[in-house]
Structures are given as C-alpha cells and as structure tokens.
Amino acid sequence: MYLEEKYIPQKVEVKWQKYWSEKDLYRTIQYPSKKKFYCLEMFPYPSGEIHMGHARNYAIGDVVARYKRMCGFNVLHPMGWDAFGLPAENAAIKHGVHPAEWTYRNINYMKAQLNRMGLSYDWKREITTCSPDYYKWNQWFFLKMLEKGLAYRKRSFVNWCPSCTTVLANEQVVDGKCWRCENLIEQKELEQWFLKITDYADDLLRGCDELKGWPERVIAMQKNWIGRSEGIEVDFRIDGLNEDIRIFTTRQDTLFGATFVCIAPVHPLTERLISDKMALEELKARYGKMGEKIGIFTGCYAINPLNGEKIPIYVANFVLMEYGTGAIMSVPAHDQRDFDFAQQYNLPVKVVIVPEQQLLLGRSNKDVVTEAYEGEGILMDSGQFSGLRSDIAKERIARFIEDKGIGKKVINFRFRDWGISRQRYWGTPIPIVYCKKCGMVPVPEKDLPVILPEDVRFTGKDGSPLNESEKFLSTACPLCGDMARRETDTMDTFVDSSWYFIRYCFKKGDIDLISEIRTPNSELKYWMPVDQYIGGVEHAVLHLLYSRFFFKFMRDIGLVDLNEPFQNLLTQGMVIKDGAKMSKSKGNVVDPNHLIEKYGADTLRLFSLFAAPPEKDLEWSDQGVEGAYRFLKRLWGIVYKNRNMLYVKDKEFLLSSSRITDQALRLLRKTHQTIKRVTTDIEREFHFNTAISALMELVNELASYEPYDEDGKAVLRFAIEKTLLLLSPFAPHIAEELWEAVGNKPSIFEQRWPEWDEDMAKEEKIELVIQVDGKLRSRVLIPHGISDEEVKEIALNDEKIKNFIGNKTTKKVIVVKGRLINIVVS
RNA sequence: GCCGGAGUGGCGGAAUUGGUAGACGCAAGGGACUUAAAAUCCCUCGGAACUUUGUUCCGUGCCGGUUCAAAUCCGGCCUCCGGCACCA
C-alpha cells in the first residue's frame, strides 16, 4: 500500500469523509438483540457558523460515539437543527431574505462544516425544527397539554425584551437582561400562553435524586431554581373589617414576634386600604426594585391570631405578589429585611427566639437588638409555645393554626409557569382560533399542522407579521364553521428542543409520530433513554428543565414508561482565550474553519480533547495546537519510515515463551499498558486528556524503536496497529489512512476496540520505594510476588538506608504491596 | 447572604483507593543537522543550599489537626469562578 511521505491532512480527510459517507458507515440499524447506546449532543441553532464551543462539544460526543461503536454497541448518534428563532427573522428585516431561506442556507453550510470535522452522524435521522413535519408535533403536545389543563392563557406582567420585541420566560432573563441579546428587560402586561410546569414542581425536584449520572452542580442549579419551601398560610383579621389578610411564612415559630404586616402594592386589598392613590402609584413604580425598602402605612391594623395583638398593616414595595400570598407578617427581630424596614419606620422589634447556647449563658431576650437573628432556637414570650425548640414549635403552631381553621400548611415553589407565547413570526404557530361565538377553540388534531405561512411581509415594525397576513388570520371556527381568527403568537423555541431527542428515535421525514411511539415494540422503547447527553452548562435550568418536564408529561399520557430522558449528562466547559470566553465583542474568537484549513480536523479535535478534561474550561493556545499537529506528523513519520517492515505475519506473544529482545518486550508491554490506560481513562468520565497523553507516551517509544528480527517487526506491527485503533476515536481520518497503509482493509471503525492482557501490562520488576520516617530515601527493583519479610530484608540491607538508620532501632515497618516500604525509627 | 466548584512549576494540566508530587504537552535555554533558516532530532527545565552532576532541605492558597505516610481525610480561614438572590 502506498503512503505519502508527508502528512497532508486536507487530502487524507477529504478522502475518508467521502468513503465513510459512501459506505454509510454511521447508519443506525434497528437491531434489538444488540445493546444500544444513544449518544446525543445538544443540537445547534443554525446561526451560520460553527464556533469553537460547538467544535469542542461535537468532538467530545464523537469520541464517545465512535468508542461505543467499536465496543460493540449499536449506536444512535444523530444531529439536527434548532431552526426556529429570532436571528432568522432579524436577518429578514435587515437584509430582505426570507427566514426560511436564511435558515436552510445556514444549515447547508454548517452541515458541511460538521462533516469536515469528521463527525460520525447518521444524517438519515436529521431533524429541522422549522419543518412542518416537525413542528406539527409541537402543536400536538400543546393541544394535549391544553386538554389536560396544563396549557392556559392569562393576563399578567411578563418580561418584555424591547430589542427582540417579544416576551421571555423567567428562565430566559439573566441579570435582568435578555439571554440572547443582553438588552434590559421591561415588565409589560400582556395576555399570554403558559405551560403549567409548576404542576410538576415536586416531580421535577424529587426526580433530581434519580439523576445519578448528572453533574452535582447542574442538579444543584435545578433544585435551586425550583426553590421549594415548606411553611404555612395564616389569616390575619383586619381590625374593624370583616376581612382577612392571608400571609405566607416559613417561620411560624416567630409568629409571636410579628410587629407589622406587609402586603404587595398589587395585592387585591391594597386599593381598598390605601386612600392616598398618588403615594400608591409612586410605590408601584418602585415595586420589586432591589436595594430599597419603602412602604406606606394603610392606617389599618391586623390582629395576630395567636396573641390577639393589633399590628399595623403596610403596603411595601419589596413584597412580591407572585410568591406565596402576596402578603407577609414581619418579624424584625428574626428577619433582616423586616429589621431594616422596622428601623426605617420606627416599628417595634420583639425578640421571641433565643439561640440555645445563649440561653445556657443566662442571657435573655431583653438585650438590645442591632440585627436580626435568623437562626433557630428556643421560643420566648410565645404563650403556650414558650420554651419549645423552633423545629418542634413549627410543627405545633402549624397544627394549632390548622385546628383553628385559620390557615394550613403549604409548600411554595420559587419558579413560575413557563410563558411560551412569542410575538414573533419565525416559530411554531399556536394551534388556537378565536371565534366570536365559541370563544377560544383549539384546532382539531386532524387539522394539524397549522402551517406557518411563507408569504408575509417583514417590516420590522412592532408586532408579528402574522398579524398582517389575512390568509393566515382568517379561518373557519372548527366548532360552528363561522369566520374566526387564528392566534398569532408563536411558541418559544425551547418547546422545539424539549422533545427533539424523542424524534431522533425514528427515521426522518413526515411520520405519524404518536402512532409510531405507540407501536408495541417501538424504536422509542429501544433507544430511550439517552445514554449520554453532552452540552453546555448554560442550559442547566433552561432546556434541561423544560425537557424533563415534557418527558414527565409524556410519561403521564402514556407515551413513555421512564421518568427521566437523560441518563448521563456531561456539561462541557467553555472555550476560553486570553482569560475570557470567546466572543466577537472581545475579538478573541478562533475560527474552527481556519484551523481545519491549516492543520486539518484531526489536529483541531485532538487539541480540544487534550488541553483539558471535557467538563473544565479550555484555555485555547495556538502553540498547543501546533503540539497536537506535531504529534500526528510524528506518528505519520513513524509509519512511513517502517512502511515496508510492517508486512509480517501476525504473531502471538506469550510472556512464558518469550524469545524476543528486551527492547521488543518493552514495547509490547508499553502497548498493553497503553490499551489499558486509554480504555480506563475513557470509561472514567471521559478523561480524554490523559488518554491522549498515554498515546503520546507510546508514540514516543515507537519513535526510538528499531526492530532487529522478524519478531521485532511483528511487535512493531502489533504496537502500531493498537496505536491506530486507540487513536481512531480522537483523530479518525489519520487513523483510517494509516490503518490502510499498514495493509489493513478499511474501515478501522469496523474493528473491535482492543483488549489488553493484564499480565503483559505488568512491569517485569517493581520499583520499590523505600522510606525512612516517611521520607523517600531509596528505590530498588524487586521481582513480583515476594513476601513482606523479604521486602523488609532488602530494604534494611540497602546501603543508603543503612546510612539513614545508623544505630537507631526500628520501631515500625509498613509495607504496601508492590509499591513501598516505610521504616519508622524515630 | 445562600448553594455549587476550584486553587499544584513560567503556562495548560497529571497524580485512579491516603503511599515516588509535577505524567503528557506548551513555552524557555543549550546542542546536532544546514551556507543559512524552517522543519526534524537530542539534552536541561519547581525552589534553595552545598562538600556541585548528586546529595540535603523546602515545596500542591493560608493556619492547625489526624496518620508510619496528606495535593488527597478533618477543623478554621483566604482568594477566584459559576448559579440563585428582597422568594418571607
């Protein structure tokens, strides 16, 4: 077989990409007798370019997919396009190109880029979410949720991005800014569609404990986001009025310390209790504004149901209507916020909890309070509950309240329902029509999909182009047949990505998804769950939470019988350059295209896998890339140099009958050790960086190896073949080329992953470390399997050791088998 | 403030169960080849001291502790990164 002297990656890579695609090497087959492995990377938004973050993400996924395939799994490794979204529409407004055209053009370009990276996707399962055969099912899920009461419409204050001219869900607001364009968010009152994700709050929270293969921090972020807290609701009677204010608290043990009540400016009772409307408007303008606490006294009093005390009612800007009941009891002694407020408005502070330790020191609750004590302790001045510990008191007081019928235990969640309406064009139409007679009517299932019309005008003015498309707008009411108007809001694109991993389980194109899923031995049952999911941590509480919600919903309507969609999750770190995340604004972007042109995809892949373990941030280094390139050139050179020597018969080498030279034996041993290291490093949470460094060590040995005889050549051949097999998931093109060059038939990816021989991987002799008093003093080579006594004797007779021990007496000797001996003398 | 994670040479990072700290790579310095350069190959490369080529001492953010033995375990701090944050 001919081999070029010089490694020209571009030539090699094009050759094999063509071969793999013609042979359809990465097709998935339904083969239930074979163990499956579903390897998934988060699909990209077709923005126009693959960036380094994608390149890293997909390189990681590709190693996993190729490795698992070689290990004998039937692997599903699909790719697709998160193709709805604002940039397409903005391009339409700016450049007059239709979003569909813009999107499909980008997809074609990016697909070519992915192929140039040599990624092993089965493109027969490609998904494009803006295609009607895909988004039809978004509409189907929406209707199902509507049917189950999980989709609803409500007028409320929502996050409005003035730059995107659309609404955002809470999860999509980061530091008060839009997650996509980073513009400041405004509050706007609108009628909106919501999905009742809060119905699944407990389920999503408890499910976190099932996520054994997820990173701790992602689970923590989800738990944090859901924000469960247990407490009680209690009614406070308004003095002189036949009306209650219901408050929520998690600290019912501090009820006796309440010295005032606060309600939200938008609380239903506020208007009735406040006479100064001007002041109220002023307060509303500062509603929820961080860092300042302001309030207005209503002139009314509430009665503490536990001790009958009359306490003033305030309207306060820091009390949120969206959480709990929109009203709180304020306990300045035990809540810093209430304390600050009390100081400002000269309200009394009443201590009712004293820490246990302080009580032991004989201190009481009469000391001057300079800040709130928010911990737990012993109750004081709390009537029949005085003297109890907080945890017990909480229980008793809750029961007392419930028995009296003036409140109940409740669990509150911090997160809100998912607002999915978007006032934009390029998204899935919400399948609803409004009829004058029948009101809001869902589009019947049989009429799906509601097609997004293509012939609309993009003016860039406020409002969706759908509002001006008469053809889209006017329709017949499904119930009475009269003229009706369609809903013009489209769905949040996170709906598209909430179930796309389901769609990959079936062939692409227009299929009857739900019937396919319901087929007794459906492909879904075979492929789900996703065995390994890989993507950026930025979706920890967005896509990953929405997907879990959708999946649980699917379970509840009988489509799947699993609780969680993603068994194992790997969140890869960011790609950093000069200490900052790569971004156009910082001007530190490295373009994968240039690297492929200069060094080839194998080098790009190898470096991004070698420079850091996948979950950590990766500091980009142009010289590091050179290093990776050097390594591949080196390997190429070794194979080239030995190309004629490699045509020898395969031989089995056994340690017992070894007749080979020491040098050959060393290489043979190193090869087995490398197989072991690379395999265990991949298995051990994908530590590709150390796997690659092991391969580098082996190649370093190969470089200086000269075979002297036929056996020596056979060992060389063995070592080179294993090197190529081990390298193939990381740098597939060069591995395939050299595999062929040493006289093998392609494809290397149809080979089995190599196995190591444990005996062969063992060093012939052990390097024994000898310590005196825990300090390294000498090393000697000893054979395997000798007893502790013999080890001790060797150590004590070592010249250096004798010097250290001198005439001191040995107090203790610790022997760690096969490693170390420590002689304690002082 | 609360919840995560991290801190190791000039740099990226190794050290898998508490048992040789610094694998592998980058950068740097020296040498070989060359008219020269590039490429390639070889050597050195944590710090300090010395009786200077091989030995001692120090060294994994800081201070303590446990242990024959600690980057690793425990307690207390410091710094950085990420998430949440008037959520009652």
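The figures that follow rest on heavy atoms only: side chains count, while hydrogens, waters and symmetry mates do not. Each chain gets a letter, A, B and so on, in the order its sequence line appears, and its residues count up from 1.
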_For A/Asp798, is there an ion pair with A/Arg777 - N to carboxylate O distance below 4.0 angstrom?_
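Salt bridge between A/Arg777 and A/Asp798, a charged N being under 4.0 Å from a carboxylate O: no.
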
*Which whole number of Å gives the distance between the P atom of B/G61 and that of B/A70?*
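The same atom, P, in both gives a distance of 15 Å.
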
*Heavy atoms under 4.0 Å, any strand shown: does A/Gln336 hit a base, just sugar-phosphate, or nothing?*
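Answer is nothing: A/Gln336 stays at 4.0 Å or more from every strand.
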
_Please confirm whether the shortest side-chain N or O distance from A/Arg777 to OP1 or OP2 of B/U56 is below 4.0 Å._
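For B/U56, OP1/OP2 do have a side-chain N/O of A/Arg777 under 4.0 Å.
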
*asked:* Taking the ring of A/Phe494 and the ring of A/Trp418, is the distance between their centroids below 6.0 Å?
replied: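 Ring centres of A/Phe494 and A/Trp418 not closer than 6.0 Å.
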
*Taking the side chain of A/Ala220 as heavy atoms from C-beta outward, which of B/G12, B/A15, B/C3 is closest to it?*
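The listed nucleotide nearest to A/Ala220's side chain is B/C3.
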
_Need one value for A/Pro215: base, sugar-phosphate or nothing, where a base atom within 4.0 Å counts as base even if backbone is also close, heavy atoms only._
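Since no nucleic acid heavy atom lies under 4.0 Å of A/Pro215, the category is nothing.
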
*asked:* Taking only the P atom of each, what is the distance from B/G47 to B/G59 in whole angstrom?
replied: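 Approximately 16 Å lies between the P atom of B/G47 and that of B/G59.
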
_A/Thr325 (side chain) donor-acceptor with A/Ala327 (main chain) under 3.5 angstrom_ =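 Side chain of A/Thr325 to backbone of A/Ala327, a donor-acceptor pair under 3.5 Å: yes, one is there.
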
*Could you please name the option among B/U40, B/C86, B/C84 that lies closest to any side-chain atom of A/Glu292?*
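Looking only at side-chain atoms, A/Glu292 lies closest to B/C86.
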
*P spacing across the pair B/U60 / B/G10, given as an integer number of angstrom*: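 The answer is 13 Å between these two P atoms.
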
*NA contact type, A/Tyr287, heavy-atom cut-off 4.0 Å: base, sugar-phosphate, or nothing?*
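Counting heavy atoms under 4.0 Å across all strands, no contact is made by A/Tyr287.
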
*Looking only at side-chain atoms of A/Met696, point me to the closest of B/C86, B/G19, B/C24.*
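Nearest listed nucleotide: B/C24.
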
*Where the side chain of A/Gln623 is defined as all heavy atoms beyond and including C-beta, which of B/C26, B/G13, B/A88 is the nearest nucleotide?*
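Selected nucleotide (nearest to the side chain): B/C26.
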
*Proximity to the side chain of A/Arg630 - top-ranked nucleotide from B/A27, B/G19, B/G12*: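 Out of B/A27, B/G19, B/G12, the nucleotide with an atom closest to A/Arg630's side chain is B/A27.
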
*Report the glycosidic orientation of B/G76: syn if within 90° of 0, anti in every other case.*
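In terms of base orientation relative to the sugar, B/G76 is anti.
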
_Let's see if you can work this out: which of B/A23, B/G25, B/U16 has an atom nearest to the side-chain heavy atoms of A/Asp681?_
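My answer, after comparing the listed nucleotides, is B/U16.
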
*Using a cut-off of 4.0 Å on non-hydrogen atoms, how would the nucleic acid contact of A/Glu626 be classed: base, sugar-phosphate, or nothing?*
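The residue A/Glu626 makes no contact with any strand.
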
_Touch class at under 4.0 angstrom, heavy-atom based, for A/Asp617 against every strand present_ =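 The residue A/Asp617 makes sugar-phosphate contact but no base contact.
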
*How is A/Val319 classified with respect to the nucleic acid when contacts are heavy atoms under 4.0 Å: base, sugar-phosphate, or nothing?*
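Base contact - A/Val319 has a heavy atom under 4.0 Å of at least one base atom.
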
*Using a cut-off of strictly less than 4.0 Å, decide whether A/Arg634 has a side-chain nitrogen or oxygen near OP1 or OP2 of B/C41.*
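Checking A/Arg634 against B/C41: at least one side-chain N or O falls below 4.0 Å of OP1 or OP2.
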
*Distance between the C1' atoms of B/C45 and B/A28, in whole angstroms?*
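The same atom, C1', in both gives a distance of 8 Å.
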
*State which of B/C3, B/A88, B/C24 makes the closest approach to the side chain of A/Asn224.*
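Per side-chain heavy atoms of A/Asn224, the pick is B/C3.
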
*If the plane angle is over 60° it's perpendicular, under 30° parallel, otherwise tilted; pick one for A/Tyr7 and A/Tyr629.*
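Correct class here is tilted.
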
*Closest to the A/Asn689 side chain: B/A14, B/A88, B/U20?*
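Looking only at side-chain atoms, A/Asn689 lies closest to B/A14.
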
*asked:* Donor-acceptor check, side chain of A/Thr270 to backbone of A/Val266, threshold 3.5 angstrom: yes or no?
replied: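 No, the answer is negative, given that no donor and acceptor are paired below the 3.5 Å cut-off.
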
_Over all strands shown, is A/Ser229 touching base, sugar-phosphate only, or nothing at heavy-atom distances under 4.0 angstrom?_
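The answer is sugar-phosphate, as A/Ser229 gets under 4.0 Å only of primed atoms, P, OP1 or OP2.
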
*Looking for any heavy atom pair under 4.0 Å, which part of the strands does A/Asn700 touch: base, sugar-phosphate only, or nothing?*
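Sugar-phosphate, backbone atoms only, no base.
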
*asked:* For the C1' atoms, the ones on B/A69 and on B/G19, what distance do you get once it is rounded to whole angstrom?
replied: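 The same atom, C1', in both gives a distance of 7 Å.
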
*Report yes or no: is there a donor-acceptor pair, N or O only, under 3.5 Å between the side chain of A/Lys293 and the base of B/C86?*
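It does, because a donor-acceptor pair links the side chain of A/Lys293 to the base of B/C86 below 3.5 Å.
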
*Between A/Phe610 and A/Gly326, just flag the one whose closest nucleotide in RNA chain B comes earlier from the 5' side.*
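Nearer the 5' end of the strand: A/Phe610.
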
*asked:* Over 60° means perpendicular and under 30° means parallel, so tell me whether A/Phe413 and A/Phe415 are parallel, tilted or perpendicular.
replied: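 Because their plane-to-plane angle is over 60°, the rings of A/Phe413 and A/Phe415 count as perpendicular.
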
*Taking the same atom, P, in B/U67 and in B/U8, what whole-Å distance lies between them?*
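My reading of the P atoms in B/U67 and B/U8 gives 29 Å.
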
*Describe, in one word, how the ring planes of A/Tyr345 and A/Phe341 are oriented to each other, choosing from parallel (under 30°), tilted (30 to 60°) and perpendicular (over 60°).*
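Answer is tilted, since the angle falls between 30° and 60°.
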
*How far does the P atom of B/U52 sit from the matching atom of B/A27, given to the nearest Å?*
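Nearest-Å result for B/U52 against B/A27 at atom P: 36 Å.
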
*Between B/C24, B/G12, B/U20, which nucleotide gets closest to the side-chain atoms of A/Ala611?*
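The answer is B/G12, which lies nearest to the side chain.
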
_Atom pair distance, as rounded to whole Å: CD in A/Glu697 and C1' in B/A15_ =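 For the pair A/Glu697 CD and B/A15 C1', the rounded distance is 12 Å.
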
*Mind checking the P distance from B/G30 to B/G13? Whole angstroms is fine.*
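Per the computed distance, 29 Å lies between those P atoms.
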
_Nearest-neighbour nucleotide for the A/Arg414 side chain, B/A85, B/A88, B/G19 considered_ =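 So the side chain of A/Arg414 is nearest to B/A85.
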
*Touch class at under 4.0 angstrom, heavy-atom based, for A/Arg416 against every strand present*: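 Contact class for A/Arg416: base.
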
*Which is true for A/Gly227 with a 4.0 Å heavy-atom rule: it touches a base, it touches only sugar-phosphate, or it touches nothing?*
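The answer is nothing, as A/Gly227 stays clear of every strand by at least 4.0 Å.
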
*Between A/Glu216 and A/Ile328, name the one whose nearest nucleotide on RNA chain B is closer to the 5' end.*
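Upstream on the strand: A/Glu216.
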
